[in-house]
Trainee: 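Take this structure, written in structure tokens, and hold onto it; I'll ask about it next.
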Protein chains: 2
Amino acid sequence: MTSTNHPLDLLVRNLELRARLSQEDRDAILALPYTLRTLDHLTYTIREGDPPRECAVLVSGFAYRQKTTQDGARQIIALHLPGDALDFQNMYLKVSDHSVQMLTRGEVAIIAREELQELAQARPAIGHAILIKTLVEASIFREWVLNVGRRKARERMAHVLCELGSRMDALGLTQEHGYELPMTQEELADALGLTPVHVNRTLKLLEAEGLIMRTRRSIRFPDWERIREAADFNERYLHLDLQVPSSS
Amino acid sequence: MTSTNHPLDLLVRNLELRARLSQEDRDAILALPYTLRTLDHLTYTIREGDPPRECAVLVSGFAYRQKTTQDGARQIIALHLPGDALDFQNMYLKVSDHSVQMLTRGEVAIIAREELQELAQARPAIGHAILIKTLVEASIFREWVLNVGRRKARERMAHVLCELGSRMDALGLTQEHGYELPMTQEELADALGLTPVHVNRTLKLLEAEGLIMRTRRSIRFPDWERIREAADFNERYLHLDLQVPSSS
DNA sequence: CGTAGTGTTGAGTCAAGTCAATGGTTGTGG
DNA sequence: CCACAACCATTGACTTGACTCAACACTACG
């Protein structure tokens, strides 16, 4: 199922969605030494408390960021799609403050932290692109604080479904406003700050309202505008366009 | 009340807590052109939807980041202390995805976005320091997702009180584990994803448990270890030490 | 000394959680 | 190919943490 392309191709395309790269920049990224590895569901890429030594780039499959409280409650902080670098948030810090784990089985390209840091320093455009990516990730964290802090279960659920839809769409992973949702209801609960039981009820509610259609793990939106509104979803925070400041 | 020092001194010291700067770096920051301005409570530094043109550095007073839902519910995403740059999160993006507002009256040094960006590019150590600061801010966002998503009101409240205590302590703004809490209960509620009424009850509960002492807006912790435990507070996520990777 | 903004308290309601049982799917090994 | 096991989804009955509404008290400042 691996494409015939270079595994880091997705990363390059992902960075280029947000920042400009020259041909040399692209080539330099593709020239990075890496190890390709297939990871199972639940495999950790990094654990809270560990010093980051490498940066994993998701080639296929999905992953998430996660923190837990003392008494074991888990909160999923972010979801990651193919092409995402999983460790930009960690690799410049001494100790990781959260864990990253595979949401599905998938492939990962592992790059040594120093290699990536040197490249970012040697090629400012790449360093800039990485900065932009981390800033956009931070923006998503902020939206999640709002989502979990101030929206009710129905809107909250609709909101993550919209976010995933938009982000998958930007990567061309959707089929007519529908996609495979690679999460169990328990995982959804941990992303939303709810219980699995309530997630189930909320999904059924959205379904009864005609806002979503479900078959097993696949989600479709019969009317994007309607769910967008129900979710209070505004994709501005995803910063999906090229981040070249309007110079004036 | 302005110190006789350079207004950007606090920023330099703040950056140096996390990254190494040379004397030339320090001087270069202090040589930045800026405008000093006194802002009242609730004045916006930047509004969601606006293009960032400048970066405000907090010289005195407090500020916060904020987003609101369609129906007007507000969530405070982060709190800022003197020395914090309020717009690192925005200034490399085309449009701001959230607002920043003064929590108290205070002074702000305003620097043009391009000036700061050019400096960051010309002096890699400064660029690196800015990157580290944004990464630490992102770490705090993540902890807030966990706090709001998975902790009950009592722990949640205790947790922000601890965070503020720790951060103020790092700046030398506390007196024996106590500090002036510059927020109304309504603002606290918006930071915690609760209602003002419940904030009031939760504060009284913590007080009754002997975990905090209050007089008007001032907070003291009779027993830091006890509240730390009650809050499930681990300051790792604040990355309070110098972020030089353990090379091995 | 009056007024506006905060803080405090009580009573009643509701969204979401808990507990517990039942049903469905998928994958695996006999 | 079937049967079982493990995991996941669904549902109902009940509980609870947090919200709402509403009144009242305090404090600071003009």
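Note that this is a predicted model, so its numbers are computed, not measured. Order of the sequence lines fixes the chain letters, A, B, ..., with proteins taken first and strands second; residue numbering starts at 1 for each chain.
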Trainee: What is the distance, rounded to the nearest whole Å, between atom CZ of A:R105 and atom C1' of C:dG27?
Mentor: 14 Å
Trainee: Rounded to the nearest Å, what distance is computed from the CD atom of residue A:E187 to the C1' atom of nucleotide D:dC8?
Mentor: 11 Å
Trainee: Evaluate the side-chain proximity of B:I111 to B:L8: yes if any heavy-atom separation is below 4.5 Å, no if none is.
Mentor: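 SC-SC contact between B:L8 and B:I111 confirmed.
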Trainee: With A:D84 as reference, evaluate A:R65, A:R167, A:R18 under the salt bridge (Lys or Arg N to Asp or Glu O under 4.0 Å) test and give the passing residue.
Mentor: A:R167
Trainee: Roughly, in whole Å, what's the span from CG in A:D71 to C1' in C:dT18?
Mentor: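 The answer, rounded to whole Å, is 15 Å.
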Trainee: Measure CE/B:M183 against P/C:dG5 and give the value in whole Å, please.
Mentor: 19 Å
Trainee: Taking only N and O in the side chain of A:R214, is any of them less than 4.0 Å away from OP1 or OP2 of D:dT10?
Mentor: yes
Trainee: Would you mind reading off the distance between A:E186 atom CD and D:dC7 atom C1', rounded to a whole angstrom?
Mentor: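 Between C1' of D:dC7 and CD of A:E186: 10 Å.
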Trainee: Kindly compute the distance separating CZ (A:R105) from OG1 (A:T38), expressed to the nearest 0.5 Å.
Mentor: 6.5 Å
Trainee: Would you please confirm or rule out a distance under 4.0 Å between OP1 or OP2 of D:dG12 and any side-chain N or O of A:R201?
Mentor: no
Trainee: Roughly, in whole Å, what's the span from NE2 in A:H198 to P in C:dC19?
Mentor: 17 Å
Trainee: Give a yes/no on whether any side-chain N or O of A:K204 is located under 4.0 angstrom from OP1 or OP2 of D:dT11.
Mentor: yes
Trainee: Considering every strand and a 4.0 Å limit on heavy-atom distances, what is the contact class for A:L194: base, sugar-phosphate, or nothing?
Mentor: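 Sugar-phosphate contact only - A:L194 comes under 4.0 Å of backbone atoms but never of a base.
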Trainee: So does A:N200 get a side-chain nitrogen or oxygen closer than 4.0 Å to the phosphate oxygens (OP1/OP2) of D:dT10?
Mentor: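 Looking at the OP1 and OP2 atoms of D:dT10, one of them is under 4.0 Å from a side-chain N or O of A:N200.
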Trainee: Looking across every strand, which nucleic acid part, if any, lies under 4.0 Å from A:R217 by heavy atom: base, sugar-phosphate, or nothing?
Mentor: sugar-phosphate
Trainee: Can you tell me how far P of D:dT10 sits from CG of A:L206, to the nearest Å?
Mentor: 13 Å
Trainee: Does any part of the side chain of B:I77, heavy atoms only, come nearer than 4.5 Å to the side chain of B:H98, both counted from C-beta?
Mentor: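 Sidechains of B:I77 and B:H98: no contact.
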Trainee: Nearest whole Å is fine: how far is C:dG5 P from B:L42 CG?
Mentor: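 It is 11 Å, rounded to the nearest whole Å.
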Trainee: Let's see if you can work this out: which of C:dT25, C:dA15, C:dG10 has an atom nearest to the side-chain heavy atoms of B:V197?
Mentor: C:dG10
Trainee: Which label fits B:F233 and B:Y237: parallel for a plane angle under 30°, tilted from 30 to 60°, or perpendicular past 60°?
Mentor: perpendicular
Trainee: Specify the residue among A:G193 and A:R216 whose closest nucleotide of DNA chain C lies further upstream toward the 5′ end.
Mentor: A:G193
Trainee: Tell me whether the OP1 or OP2 atom of C:dT8 has a side-chain N or O from B:Q185 closer than 4.0 Å.
Mentor: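 So the side-chain polar atoms of B:Q185 do come within 4.0 Å of the phosphate oxygens OP1 or OP2 of C:dT8, strictly under.
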